[in-house]
Amino acid sequence: MDSRRLHVTFPSSSTKDVHQFQKALPDLSEPAEIGCFSLSYVNETRREFHDDARGLRLLLRRPSYPLSLDLKEGFDTYKKFDEGARMNEHLDHFLHWILLHPQEFLFRKQSHKSRKKELVVCVRGSLTDLMMTPYEKNDGWIFVVCRIDGVLYLTKFETEQDVYRWENGTEEKENFMYWGYKFEQYMQVPPEDPQAFQGPINNSEGFHSVIYTKLSDTGILLVGEMDCLDPKAPPTTPAPFCYVELKTTKLYPGLDLSVKQTFLCGPKLLKYWAQSAICGVPKILIGFRNGDGVVEKTEEVATVKLPLLAKEASRHGLKDSVWKQEVCLNFLDGFLKFVGQVVAKDYDKAAYKFEWSPGKSGVNVSEEAPGSRWNFIPEWYLQSRPGQKVPVKKVREAPHGNYGENLLRSLI
Ligand code: A3P
Ligand code: MG
């Protein structure tokens, strides 16, 4: 067997029929940070793992208006990490963390096993893409899942469209990407430190939070890159509720500088919400830039407010901006349950490929041979993965509960 199409699909009706997901919100338990790691730049295709929080930055608030932050600055010294290499990392850094913290992993694994519920290991970006699927009009996706000792490992693979985009990126797109990273630097580095403030942008470094949450019955162990820590969060605030997501978006000329602009970010708001809501990041700080890449104003929005802004957008007839959180979460919930039912064989027998594109009504599934190109679990993990022989100790639900406090101390 190399590849065998399975005659199952999700959802039973079309993905375009969003009404099927318009039911009560599924239960999303409060996300808890159970650990963290940092990544640093080695070269344009390799990053180094650090079992600590060295990549975490503190948010440096500036006056929200008027501002003049030129995001174009320093583009000539940009150290860009290769997009293909980023995707090829799959779950590697996360698996590395699991090997170093076996009890944290085994405790969740055991707890789901005893309740006969699934546990999924993945990165936050995969969940964001899945949540946005009912509203996605341009980008398809490929996810591959395998089952190891009962646990589901899920990762994204590049589509032909992704590869085409990486290989044919326009200068304009490169600029937009750079601007997002430059904004992060402006909000994280004190202007009094000109060397750091004007230092080259490097989009491969970062701080990653390991989070456990539960969507209805499915346990999710996810890893998400956190942009910064909020110094205003009370010191006892448990992670991830002390983090802030940074975003940039175009400022629409001629409009009041009011919250109106926030929902005029349009369909982007869905991404902002999905990305932050799934891992409990409570706040998004948006930098509004003009067409020339200069941020003129910032605004902070609570993640929970975004679905309300989307509702407001629909009242203003902004059709592209209409989305509902229950549709996204019910889609994700249904899809993860579907995956749990389909992925029957262990990793040494098969991996399962789930493929969807906006032109298709449902997800195509195939069973792939274990040694095929869809294999993404490295041998070093298979050899050393935390197994049943290790005694399972009960660990605290959120060992980094006072993380915010510790980090603040170390950063200020
Ligand atoms: P903006 O979102 O402000 O444009 P994130 O916000 O997810 O932490 O990502 C930081 C920045 O990385 C983004 O800033 C954007 O510049 C760039 N980026 C991330 N994902 C991208 C994607 N899929 N396409 C283009 N740029 C992306
Ligand atoms: Mg960001």
Side-chain angles (χ1 to χ4, degrees), residues 38-39 41 55-57 59-60 67 69-75 78-87 89 123-132 136 138-141 156 158-159 161-188 201-209 222-230 240 243-251 261-262 265-279 281-291 293-301 303 306:
S38 301
L39 296 178
Y41 179 86
L56 182 61
R57 301 284 175 262
L59 172 64
L60 269 160
L67 267 178
L69 303 176
D70 190 349
L71 304 178
K72 301 186 294 303
E73 270 187 26
F75 185 68
Y78 180 24
K79 285 180 170 173
K80 185 172 179 271
F81 193 61
D82 184 78
E83 288 306 312
R86 191 189 296 276
M87 192 167 267
E89 289 176 340
V123 299
R124 180 254 303 261
S126 296
L127 300 172
T128 310
D129 288 343
L130 286 166
M131 285 163 83
M132 289 169 35
E136 182 55 57
N138 303 311
D139 298 337
W141 46 246
K156 193 175 177 184
E158 70 280 7
T159 60
Q161 201 184 354
D162 292 326
V163 177
Y164 180 83
R165 214 178 284 141
W166 299 335
E167 288 172 356
N168 299 279
T170 60
E171 203 176 312
E172 193 188 27
K173 278 204 173 143
E174 286 285 309
N175 282 336
F176 287 158
M177 256 183 109
Y178 177 79
W179 291 355
Y181 297 119
K182 184 70 190 173
F183 182 61
E184 290 181 356
Q185 187 191 42
Y186 276 131
M187 302 307 293
Q188 295 165 345
I201 298 293
N202 164 345
N203 69 341
S204 61
E205 298 194 338
F207 166 82
H208 297 254
S209 171
L222 69 102
V223 98
E225 186 177 352
M226 298 295 151
D227 286 341
C228 48
L229 180 73
D230 188 351
Y243 298 131
V244 179
E245 172 63 39
L246 301 172
K247 292 286 179 197
T248 56
T249 196
K250 193 168 172 190
L251 178 77
Q261 284 164 354
T262 312
C265 301
K268 272 186 171 184
L269 271 198
L270 167 56
K271 172 135 195 225
Y272 294 6
W273 170 80
Q275 187 183 24
S276 294
I278 194 65
C279 60
V281 173
K283 202 177 278 177
I284 300 163
L285 190 152
I286 305 174
F288 289 96
R289 60 165 176 84
N290 62 23
V294 177
V295 170
E296 299 180 349
K297 175 194 160 57
T298 61
E299 195 159 313
E300 295 182 31
V301 208
T303 306
L306 296 186

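Indexing begins at 1, ligand by ligand and atom by atom, following the structure's order.
Under the 6.0 Å cut-off for aromatic ring centres, Phe207 and Tyr243 qualify, their centroids lying closer than that.
Note that CD of Glu184 is 11.5 Å distant from CG of Leu59, once rounded to the nearest 0.5 Å. In this structure, CE in Met131 is found 12.5 Å from OG in Ser126, a value given to the nearest 0.5 Å. The distance from atom CD of Glu245 to atom NZ of Lys271, rounded to the nearest 0.5 Å, is 9.0 Å.
For the ligand labelled ligand 1, residue Lys173 lies outside the 4.0 Å heavy-atom shell. Ligand 1 lies out of reach of Lys268, whose nearest heavy atom is not under 4.0 Å from it.
Contacts with ligand 1 closer than 4.0 Å are made by no heavy atom of Asn203, backbone or side chain.
Scanning the protein for heavy atoms near atom 6 (O) of ligand 1, the closest one is Lys247 NZ, 2.6 Å. When only non-hydrogen protein atoms are considered, atom 14 (O) of ligand 1 lies nearest to Gly180 CA, 3.4 Å. Nearest protein heavy-atom neighbour of atom 19 (C) of ligand 1: Tyr181 OH, 4.1 Å. Nearest protein heavy-atom neighbour of atom 23 (N) of ligand 1: Lys271 NZ, 4.6 Å. Looking only at protein heavy atoms, the nearest one to atom 27 (C) of ligand 1 is Met177 CG, 3.8 Å.
Protein non-hydrogen atoms do reach within 4.0 Å of atom 12 (O) of ligand 1. Distances from atom 17 (C) of ligand 1 to the protein include at least one heavy-atom value under 4.0 Å. In this structure, atom 21 (C) of ligand 1 is not in close contact with the protein, since no protein heavy atom lies within 4.0 Å of it.
Against a heavy-atom cut-off of under 4.0 Å, Phe176 is close to the following atoms of ligand 1: 16 (O). Taking every heavy atom of Asp227 and a limit of under 4.0 angstrom, the matching atoms of ligand 1 come to 8 (O). Taking a cut-off of under 4.0 Å to the non-hydrogen atoms of Glu245, the atoms of ligand 1 that pass are 5 (P), 6 (O), 8 (O). Of all the atoms in ligand 1, the ones that sit under 4.0 Å from a non-hydrogen atom of Leu246 are 6 (O). Near Glu184, meaning under 4.0 Å from one of its heavy atoms, ligand 1 places the atoms 8 (O), 10 (C). Per-residue contacts place Thr248 under 4.0 angstrom from the following atoms of ligand 1 (heavy atoms of the residue considered): 1 (P), 3 (O), 4 (O).
Using a 4.0 Å cut-off between charged nitrogen and carboxylate oxygen, Arg165 and Glu83 do not count as a salt-bridge pair. Checked for salt-bridge contact, Lys156 and Asp162 miss the test: no charged N lies under 4.0 Å from a carboxylate O.
Applying the 6.0 Å contact sphere to NZ of Lys80 captures more than 12 heavy atoms from other residues, nucleotides or ligands.
When atom types are taken as modelled, the side chain of Asp129 and the backbone of Met132 share no donor-acceptor pair closer than 3.5 angstrom. Between the side chain of Tyr41 and the backbone N or O of Phe81 there is no donor-acceptor pair closer than 3.5 Å. Here the side chain of Glu167 pairs no donor or acceptor atom with the backbone of Gly169 at under 3.5 angstrom. Under the 3.5 Å distance criterion, the side-chain polar atoms of Tyr178 are matched with a main-chain donor or acceptor of Glu73.
In terms of polar-atom proximity, Gln275 is counted as a contact of ligand 1, with an N or O under 3.5 Å from an N or O of the ligand.
For the pair Tyr78 and Glu174, the tightest heavy-atom approach, listed with the atom from each and the gap, is CE2-OE1, 4.4 Å. Across all their heavy atoms, Ile286 and Phe183 have their closest contact at C-CZ, 4.4 Å. Residues Leu222 and Cys279 come closest through the heavy atom pair CD1-CB, 3.9 Å.
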Worked verdict on Phe288 versus Thr249 for side-chain contact (heavy atoms from CB on, under 4.5 Å): CA-CA 5 Å; Phe288 289 96; Thr249 196; 3.5 Å; yes
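Ordered by chain and number, Asp227 OD2, Glu245 OE2, Leu246 O make up the set of protein N, O or S atoms under 2.8 Å of the Mg ion (ligand 2).
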